[in-house]
Amino acid sequence: MSTINYSEKIPNNVNLGEDRTLQRALEGWQPNFIHWWDDVGPEGSTNHEVYLRTAVSVDPQGWAQFGHVKMRDYRWGIFLNPGDAERKIHFGDSLGEKAWQDVPGEHRANLRRIIVTQGDTEPASVEQQRHLGLTAPSMYDLRNLFQINVEEGRHLWAMVYLLHKHFGRDGREEAEALLQRTSGDQDNPRILGAFNEKTPDWLAFFMFTYFTDRDGKFQLSALAESAFDPLARTTKFMLTEEAHHMFVGESGVSRVLSRTAAVMNELKTDDAAKVRAAGAIDLGTIQRYLNFHYSVTIDLFGADQSSNAAIFYSSGLKGRYEEGKRSDDHQLKGQTYKVLEVVNGQLQEKEVPMLNALNEVLRDDFIKDSVAGVNRWNKVLEKAGIPTRLTVPHKAFNRQIGALAGIKMSPEGRVVSENEWNAKKAEWLPTPEDFAFVASLMGRVVDPGKFAGWIAPPVMGINRQPVDFEYVRFG
Ligand SMILES: [Fe+2]
Ligand SMILES: [Fe+2]
């Protein structure tokens, strides 16, 4: 006997109501998902009713329905963007052939690995963010945190759907393992480095959602080109939700800057100590947080030269960002791309086969997109008459992965000695004192319309509600 009313409980457009195999797999997995949510999801939130957006279908009326719900009862759904039965593979060796509705045997292991790696990041970020609700700077921000958390939960569902539907028994095992690894765990950590870092405070959260959710955007965009049509359609729908996560990061940092600039102008000072004493976050600390999150995030794109990246592309599993808008031959054989290496202590460019450099191509696309938002942050400072500007560090700064790993480099891109690195590190990356200071500002402010002193209110509320709307009802 089925215990779940599928279309009610699990909104979907994958015909779940008729698919017994998939139902059985989900019936096994869903209770473990709820245990996972209870164990490592948002702390102390069980009885809150949160003004959340839920996707109940992929059409414009259905993808964003708002209402107060308990997060445990959130209707995590399974959605694929509408398909095109005639869709053709548009890059790699199988260019021009029909897109695959099933997993080709020869690509099974690689596709599973790609899906598991993407899937692993989704619950990881919920784990990283689990304590933040206790120190929310406002009810509005608390709601945005929870919205992101439930949507990352839904992104996990999206990947688990693919594993259950297309990978049989080992897919089910991988789906279980996604609930067993834990961010930062010594013995069973998440797969990728940035997803084992802490997100200790709200400045880190905004930087994470600006930079690291943007890595998500680029990975999902590359997978949205895939010859494996269910993966392409799932990730396309996930991208609609990702936009909000990056908005939370971008507007969050803007609001922090706006408050800092106001304090600097009030006190007519750029002295970090005075800004801090007035309860705002000094620009140096914001820059150091930016340096950290940026460098950790660009590592997520992987080694600058990678034979796997070449295989994933040539076999049609993972395209480039906006593959369809590019005007080359979409096979890239014989083409080259510039990557960096260190020779005799100096950075040099070298030309390598483009197919092997596709991680670097995606990283460079990400960098362009990131810089655009940093420029918008600088507009906040400019408008306030503050001469300081934020910058993204050089792409070789603080890298742990690829040819640049372990190189000591200043944020401007100068190779430095071990001694200089040690002497300057505290200017370039957040220090224990920075973290302690930011932590000292984190107090819970959750009366409707009230905001912590280190952050400005948003320009408008969510879904045309006022800023002082009751976004969370505490149970
Ligand atoms: Fe996600
Ligand atoms: Fe996200």
Side-chain angles (χ1 to χ4, degrees), residues 33 36-37 40-42 50 52-55 58 63-64 71 74-81 114-130 132-133 141-163 175 178-179 181 183 190-197 199 202 204-224 226 231-253 293-294 296-298 300-301 318 321 362 366 369-370 373 462:
F33 170 79
W36 167 82
W37 181 268
V40 288
V50 188
L52 293 176
R53 151 179 105 174
T54 305
V58 295
W63 90 271
M71 285 187 282
Y74 188 75
R75 294 163 71 208
W76 281 285
I78 303 171
F79 294 106
L80 272 56
N81 253 29
I114 287 170
I115 292 165
V116 166
T117 306
Q118 179 60 41
D120 192 69
T121 66
E122 314 289 357
S125 67
V126 176
E127 293 160 1
Q128 288 170 294
Q129 295 163 14
R130 70 174 305 239
L132 291 171
D141 289 291
L142 184 62
R143 178 265 166 210
N144 285 345
L145 167 71
F146 290 157
Q147 180 71 60
I148 290 173
N149 292 161
V150 292
E151 283 176 351
E152 300 305 5
R154 204 200 67 75
H155 290 177
L156 170 61
W157 276 70
M159 294 297 108
V160 164
Y161 161 73
L162 294 175
L163 291 169
L178 286 169
L179 297 173
R181 286 184 290 272
S183 177
R190 291 296 172 185
I191 296 170
L192 300 169
F195 291 91
N196 288 304
E197 299 284 349
T199 310
W202 280 76
F205 172 66
F206 292 138
M207 291 292 180
F208 184 98
T209 46
Y210 183 76
F211 288 111
T212 312
D213 283 85
R214 188 173 308 274
D215 162 69
K217 168 186 163 178
F218 280 81
Q219 301 299 342
L220 293 175
S221 297
L223 298 178
S226 183
L231 176 61
R233 291 167 57 200
T234 308
T235 47
K236 259 183 208 143
F237 188 71
M238 291 161 76
L239 281 164
T240 59
E241 294 164 323
E242 209 62 70
H244 175 69
H245 308 178
M246 291 179 290
F247 158 80
V248 168
E250 181 169 339
S251 60
V253 174
H293 285 274
Y294 178 84
V296 166
T297 300
I298 61 176
L300 287 172
F301 291 88
K318 183 176 176 185
Y321 178 62
L362 195 59
F366 167 89
D369 204 54
S370 300
I462 293 296

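Just so it is clear, the values below take in all heavy atoms, side chains as well, and ignore hydrogens, waters and symmetry mates. Remember, predicted model here, so these are calculated numbers, not experimental data. Read the numbers this way: they start at 1 and go in the same order the structure lists the ligands and their atoms.
The distance from the Fe ion (ligand 1) to the nearest N/O/S atom of Glu151 is not under 2.8 Å. Among the atoms of His245, an N, O or S atom is found under 2.8 Å from the Fe ion (ligand 2). Residue Asp213 counts as close to the Fe ion (ligand 2), with an N, O or S atom under 2.8 Å. Residue contacts to the Fe ion (ligand 2): Glu242 brings an N, O or S atom closer than 2.8 Å.
No side-chain heavy atom of Arg190 sits less than 4.5 Å from a side-chain heavy atom of Glu197. Contact check for Glu242 versus Glu151: no side-chain heavy atoms found under the 4.5 Å cut-off.
Around the Fe ion (ligand 1), the angle linking His155 (ND1) with Glu122 (OE1) is 100°, rounded to 10 degrees.
Taking the six-membered ring for Trp and thresholds of 30 and 60 degrees, Trp157 and Trp76 have nearly parallel ring planes, at less than 30 degrees apart.
Geometrically, Arg214 engages Tyr210 in a cation-pi contact defined by less than 6.0 Å to the ring centre and at most 45° from the axis.
Atom OE2 is the N, O or S atom of Glu152 at the shortest distance from the Fe ion (ligand 2).
Looking only at atom types and distance, the side chain of His244 has no donor-acceptor partner in the side chain of Gln147 under 3.5 Å away.
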